[in-house]
Asker: 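Okay, here's the structure, questions in a sec.
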Amino acid sequence: MTAASPETDENRYDFRAIEERWLPEWRRTQPFRAAGPDDERPTKYVLDMFPYPSGDLHMGHAEAYALGDVIARYWTQRGFNVLHPIGWDSFGLPAENAAITRGLDPRGWTEDNIAQQRTSMERYACSFDWDRVLATHRPDYYRWNQWLFTRLHERGLAYRKHSNVNWCPKDQTVLANEQVVGGLCERCDTPVTKKKLNQWYFKVTDYADRLLDDLDTLQDTWPSKVIAMQRNWIGRSTGADVAFRIEGRDEPIDIYTTRPDTLFGATFMVVAVDSDLGAEIAQRADAGVQQQFDAYLEQVRGSSEIDRLSTERPKSGVFLDAYAINPVNGERLPIWASDYVLADYGHGAIMAVPAHDQRDLDFARAMDLPVRAVLDCRDEDGEALPDPAESGVATTGDGTLINSGDLDGMDKVQAIAAITARLDADGRGRASTNYRLRDWLISRQRYWGTPIPIVHCEACGEVAVPDDQLPVELPPTEGLDLTPKGTSPLGAATDWVTTTCPRCDGPATRDTDTMDTFVDSSWYFLRFLSPGKTDGPFDSSEAARWAPVDQYVGGVTHAILHLLYARFFTKALHDMGMVDFEEPFSALLNQGMVQMDGSAMSKSRGNLVRLSDQLDEFGVDAIRLTMAFAGPPEDDIDWADVSPAGSAKFLARAWRLARDVESTPDADASTGDVALRAVTHRTLHDCASLVEGFRFNVVVARIMELVNATRKAIDSGPGAADPAVREAAEAVAILLSLFAPYCSEDMWAMLGRDNVARAGWPAVDESLLVEDTVTCVVQVKGKVRDRLEVAPDISDGDLEAAAMASPAIQRALDGAAIRTVIVRAPKLVNIVPV
RNA sequence: GCCCCCGUAGCCCAAUCGGCAGAGGCAACCGGCUUAAACCCGGUUCAGUGCGGGUUCGAUUCCCGCCGGGGGCACCA
């Protein structure tokens, strides 16, 4: 039975009363539990990116969940068994910072926020399956992070290495490459520095090609922007490795170049100052050179990442008093060390071709090194481009080879092929591919994260914690100083750190780093499928039934980080035989951000709009509707431009339709007013494809039209007792159930029915979609001169005749001879006079 | 510097094989209801699509070049 009988209602729309009526009802009935394997309906997995529980929900959440809910509720109405779960990405720095600054327990703080957010989500009428909630900070979740880590470790995909890492001096922790934005810490905007540390990595680079190539399969279902960003980020480039013999060194040095065709133009070599190679070559030189090198290295190390990133900065470097031999012409090339060559890309060394590379040219001019053009480059008019040595502008385009021995006269493509083949034959080089993408640094020197399940044993080395000893739970915070100090706070938990080796039972210590929280979110979509499973991270049969995610919804802020990592995990799991698909998210919708007066909302800007205030003032439905109606979902919404009051007014208007209906639920719609029925069925028909195309703003506009038409039918048409009016009002309730759950449920109850969310999409009567006449536009020379009402199936010939017979057309033609007549029956005729 | 997206009424936005520039809303104004106001109801005003070319019988739509806004990458050899 329904919660309250509509007769007791006041005669006007009161969103507070309506919310109070239905919220407890839904809490009790849990209408959005996903059905089990016995259910015959096709499945649909709709997933919203799970939130970080940093406080209560804000306007951004409200937008994201409103849009995700439209999709989830739509597929439910279409007869699908929908899985729409929610959880919390609950490890991370805010909890730890609250612990430090306010002395709060991170667990308690986190759980309190989760409870608050959950209450708000329920009020917001999110159609989540509340039986599947998960939170990544709970041991029953992060246990499987650890389990997965050990599987990756077994396969060599999780490894530890010493290297220069990004370091945030404020958070006192390392950062992944992806978390450094413009040389600043993504979280706190502190300039990032470099530090040499022994850290854990996931070998994402092993998957670089697949991560790049499989983007093609997402072409039609992911925003092109996100695909472009991922392509950019992976940054695959093809070229060649070339081996240069070094005087006084046994082993040659490999360099990587994308332009082997310019090999004859190499006039010096540059090694990265912070590479092992640079140090080694400097060491071979005399004390004076060494000293210069050391001083330069120190200077480079001390400069911030921002300085280093500035491309306008003058080039700097040190000559190492060493020489390389160009394999194609035997020339001696001086070797320099500089910071413009990166240690961790390619081989940390380059051949410099100043004539045809701007960076090399800048360096050559600064250090007074020779420049030799080996390409004859021309502009569009065939004029020779100025000599780079004179102009200071490198010619980086294509050109005909010159000064290149027997390669002279070739074009770029021919020369690259020829020289690569020759080097390969001589064993001095080979075709090669490089990536901008680096391995994913996952260790963090912080407390609130998943402990890395590794034990360090003097005898056995790194030993993975066996499955039966997982989870390695975080020690309590009591007695731990969580203040960032550069080493993990877990190191101070002596009892926790001290352990025995799982392999030899000897004394051992636990690894004290915790995992990047992006590990947590890389596979959570699989945990939702069997959140209570205790003998594995997820159930394979459930995965086969639901996964991959059919529709993922979230902000574009995660276009690179989270989505790339989740894709990597999925591919790794695929290779372990745990899932049978290679991409986690079949379709992706990025919603925009909610702004105020043209800029992001923030307390400091003083333009913060509080969600709870908006909900109190306008009601949940009006806010949800406003989010959907504001514009295309991927566009940003400026709250100053939209009208939640207007949405509330519209909902009241829709609600009154149901109130005014005078027929009973068994009324036969087919006997109703045909004109109104046509509008109803046309709307239902069009809205389906509009929702599937994420054109939610247009859907809302169409519902508004239907409401207007129904109102007119009641007030000045066939009247409130006509069955078509009931049919229309019911269609409005069902359509509105995607956007305004409370209002539509109340309408549905007034219409004498129960549970609008499961009402089902009404069958569209195709015969009502055919119009009996169409307005045909008749143009003379492209200008509209007349309109004709014609049958939709009129022939071209009849239509042309009708058009020519029109007095208005004859007047417009004014006796002129006719050159052509274009007929597009039944909508248009265009007559073109001579 | 390279790449991607977007410019339609005062504002948010429609116009989906190139075919009547306006579906919906906000704001403004007028009228009805009201003792009055709000609510509600009805109605009206407002752009020729950033600019310049091109293709076409016909361009908001396709092509080229600019201008303006947003975003990504950027010393990655």
Side-chain angles (χ1 to χ4, degrees), chain A residues 12-13 181-182 223-233 235-237 239 255-260 262 270 272 308-313 315 338-342 344-353 356-360 362-363 396 434-438 556 559-560 592 625-626 629-632 634-647 649-650 652-653 656 686 689-690 693 695 697-708 711-712 715-716 775-787 818-824 827-833:
Chain A
R12 47 176 282 271
Y13 176 73
V181 180
S224 54
K225 183 179 169 180
V226 174
I227 291 178
M229 284 165 76
Q230 294 229 348
R231 287 220 170 92
N232 251 335
W233 188 261
R236 179 162 66 193
S237 86
I255 59 96
Y256 171 72
T257 179
T258 54
R259 297 296 301 268
T262 62
V270 188
R308 205 185 143 112
L309 284 168
S310 163
T311 44
E312 280 90 59
R313 201 167 48 113
K315 291 278 183 286
S338 175
D339 63 352
Y340 88 89
V341 171
L342 306 176
D344 57 353
Y345 184 79
H347 306 283
I350 61 154
M351 67 169 189
V353 185
H356 308 299
D357 182 289
Q358 191 59 47
R359 298 153 299 183
D360 295 345
D362 293 343
F363 191 83
T396 55
N434 267 282
Y435 305 89
R436 217 191 67 91
L437 180 73
R438 306 295 145 89
V556 74
I560 297 172
L625 190 74
T626 302
F629 186 51
E634 58 276 8
D635 286 7
D636 290 342
I637 297 173
D638 196 317
W639 205 246
D641 290 337
V642 297
S643 171
S647 299
K649 228 159 73 178
F650 163 70
R653 217 167 122 75
R656 287 194 300 267
D686 292 355
S689 51
L690 286 168
R695 319 260 336 256
N697 54 328
V698 183
V699 174
V700 175
R702 297 297 299 274
I703 303 173
M704 288 173 168
E705 279 183 83
L706 178 55
V707 167
N708 292 344
R711 183 79 257 163
K712 205 169 233 170
D715 291 347
S716 55
T775 306
C776 175
V777 176
V778 186
Q779 301 174 334
V780 174
K781 211 162 181 280
K783 286 211 168 69
V784 180
R785 298 297 187 189
D786 197 11
R787 287 147 214 269
I818 289 158
R819 198 168 88 196
T820 33
V821 180
I822 288 114
V823 184
R824 293 280 181 276
K827 302 202 69 165
L828 177 126
V829 176
N830 188 11
I831 302 159
V832 188

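A note on names: the letters A, B, ... follow the listed sequences, proteins ahead of strands, and every chain is numbered from 1.
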Asker: Starting from P on C11(B), measure out to CH2 on W639(A) and report it in whole angstrom.
Answerer: 21 Å
Asker: How close or far is atom C1' of C11(B) from atom CG of D636(A), stated in whole angstroms?
Answerer: 17 Å
Asker: So what's C73(B) paired with, Watson-Crick or G-U wobble, going by both distances under 3.5 Å?
Answerer: G1(B)
Asker: Is there a side-chain contact between I350(A) and Y345(A) (heavy atoms, below 4.5 Å)?
Answerer: no
Asker: K827(A) near the nucleic acid: base, sugar-phosphate alone, or nothing, with a heavy-atom cut-off under 4.0 Å?
Answerer: nothing
Asker: Quick check on A77(B): is either OP1 or OP2 less than 4.0 Å from any side-chain nitrogen or oxygen of Y340(A)?
Answerer: no
Asker: Is there a Watson-Crick or G-U wobble partner for U35(B) with both distances under 3.5 Å, and which nucleotide is it?
Answerer: none
Asker: For N697(A) and A14(B), what is the distance between atoms CG and P respectively, to the nearest whole Å?
Answerer: 5 Å
Asker: Provide the distance between the two C1' atoms, one in G53(B) and one in A59(B), to the nearest whole Å.
Answerer: 13 Å
Asker: Whole-Å distance between G71(B) C1' and I227(A) CD1?
Answerer: 16 Å
Asker: Pick the closest RNA chain B nucleotide for L828(A) and for D635(A) by heavy atoms, then say which residue is nearer the 5' end.
Answerer: D635(A)
Asker: Heavy atoms from C-beta onward define the side chain here; which of C11(B), G24(B), G72(B) lies closest to that of M704(A)?
Answerer: G24(B)
Asker: When you measure from the centre of the six-membered ring of F363(A), is the NZ or CZ of K315(A) under 6.0 Å away and within 45° of the axis?
Answerer: no
Asker: Base, sugar-phosphate alone, or nothing: which one does N708(A) contact when heavy atoms must sit under 4.0 Å apart?
Answerer: sugar-phosphate
Asker: Suppose we define a pair by two distances each less than 3.5 Å, Watson-Crick or G-U wobble; what does G48(B) pair with here?
Answerer: none
Asker: Give one of base, sugar-phosphate or nothing for T257(A), where a contact means two heavy atoms less than 4.0 Å apart.
Answerer: sugar-phosphate
Asker: Please state whether the phosphate of C4(B), meaning OP1 or OP2, lies under 4.0 angstrom from any side-chain nitrogen or oxygen of R231(A).
Answerer: no
Asker: Take atom P in G50(B) and the same atom in G43(B), then report the distance between them in whole Å.
Answerer: 31 Å
Asker: Taking G19(B) as the reference, what is the distance to C3(B) when you measure between their P atoms (whole Å, please)?
Answerer: 30 Å
Asker: Under 4.0 Å between any heavy atoms, over every strand shown, what does R236(A) touch: base, sugar-phosphate, or nothing? Just pick one.
Answerer: nothing
Asker: Test for a donor-acceptor pair under 3.5 Å between the base of C75(B) and the side chain of K315(A), counting only N and O atoms.
Answerer: yes
Asker: Using atom CG of L625(A) as one end and atom P of C26(B) as the other, report the distance to the nearest whole Å.
Answerer: 12 Å
Asker: On a whole-Å scale, what distance lies between the P atoms belonging to G10(B) and G48(B)?
Answerer: 8 Å
Asker: Any idea which of C40(B), A23(B), C73(B) is nearest the R656(A) side chain?
Answerer: C40(B)
Asker: Roughly how many Å apart are U8(B) and C51(B), using the P atom of each and rounding to a whole number?
Answerer: 10 Å
Asker: Specify the separation, in whole Å, of atom CZ of R711(A) and atom C1' of C40(B).
Answerer: 10 Å
Asker: Where the side chain of L342(A) is defined as all heavy atoms beyond and including C-beta, which of A74(B), A77(B), C57(B) is the nearest nucleotide?
Answerer: A77(B)
Asker: Taking the side chain as everything from C-beta on, heavy atoms only, tell me whether R702(A) gets closer than 4.5 Å to D686(A).
Answerer: yes
Asker: Check whether any side-chain nitrogen or oxygen of K649(A) sits under 4.0 Å from OP1 or OP2 of C26(B), and answer yes or no.
Answerer: yes
Asker: Roughly how far, to the nearest 0.5 Å, is the CZ atom of R259(A) from the OG1 atom of T396(A)?
Answerer: 7.5 Å
Asker: Looking only at atom C1', what distance separates U56(B) and G70(B), rounded to whole Å?
Answerer: 33 Å
Asker: How would you label the contact of R653(A) with the nucleic acid (heavy atoms, under 4.0 Å): base, sugar-phosphate, or nothing?
Answerer: sugar-phosphate
Asker: May I ask you to say what P223(A) touches in the nucleic acid, namely base, sugar-phosphate or nothing, with a heavy-atom cut-off under 4.0 Å?
Answerer: nothing
Asker: Might you point out which heavy atoms bring R436(A) and R438(A) nearest each other, and give the distance in Å?
Answerer: O-NE, 3.1 Å
Asker: Give one of base, sugar-phosphate or nothing for Q779(A), where a contact means two heavy atoms less than 4.0 Å apart.
Answerer: base
Asker: By nearest nucleotide on RNA chain B, pick out whichever of S224(A) and V777(A) is the more 5' one.
Answerer: S224(A)
Asker: Applying a 4.0 Å non-hydrogen cut-off, can you work out what I703(A) is touching in the nucleic acid: base, sugar-phosphate, or nothing?
Answerer: nothing
Asker: Keeping the roles fixed (side chain from N434(A), backbone from S237(A)), state whether a donor-acceptor pair exists under 3.5 Å.
Answerer: no
Asker: Which nucleotide sits closest to the side chain of M229(A): A77(B), G72(B), C57(B)?
Answerer: G72(B)
Asker: If C57(B) has a Watson-Crick or G-U wobble mate with both distances under 3.5 Å, name it; if not, just say none.
Answerer: G19(B)
Asker: Scan S237(A) against the nucleic acid and name what it touches under 4.0 Å (heavy atoms): base, sugar-phosphate only, or nothing.
Answerer: sugar-phosphate
Asker: Taking any heavy-atom pair under 4.0 Å as a contact, classify A228(A): base, sugar-phosphate, or nothing.
Answerer: nothing
Asker: What integer number of Å spans the C1' atoms of G25(B) and G18(B)?
Answerer: 28 Å
Asker: What's R819(A) touching, base or sugar-phosphate or nothing? Going by heavy atoms closer than 4.0 Å.
Answerer: sugar-phosphate
Asker: What is the distance, rounded to the nearest whole Å, between atom CG of N232(A) and atom P of G71(B)?
Answerer: 16 Å
Asker: Compare the minimum distances between each of C12(B), A23(B), G71(B) and the side chain of V698(A), then state the nucleotide with the smallest one.
Answerer: A23(B)
Asker: Of the nucleotides C73(B), G19(B), C11(B), which has the atom closest to the R824(A) side chain?
Answerer: G19(B)
Asker: Under 4.0 Å between any heavy atoms, over every strand shown, what does F629(A) touch: base, sugar-phosphate, or nothing? Just pick one.
Answerer: base
Asker: Would you measure the distance from the P atom in G24(B) across to the matching atom in G68(B) and give it in whole Å?
Answerer: 36 Å
Asker: Is there a side-chain contact between F629(A) and V642(A) in this structure, where contact means two heavy atoms from C-beta onward sitting under 4.5 Å apart?
Answerer: no
Asker: Using Watson-Crick or G-U wobble geometry with both distances below 3.5 Å, tell me the partner of G42(B), or none.
Answerer: C30(B)
Asker: Between P on A27(B) and CG on D638(A), what's the gap in Å once rounded to a whole number?
Answerer: 16 Å
Asker: Indicate syn or anti for G48(B), taking the glycosidic torsion and treating anything within 90° of 0 as syn.
Answerer: syn
Asker: In the structure I gave you, are the side-chain heavy atoms of E634(A) and V556(A) within less than 4.5 Å of one another anywhere?
Answerer: no
Asker: When you measure from the side chain of R653(A) to the backbone N and O of M704(A), does any donor-acceptor pair fall under 3.5 Å?
Answerer: no
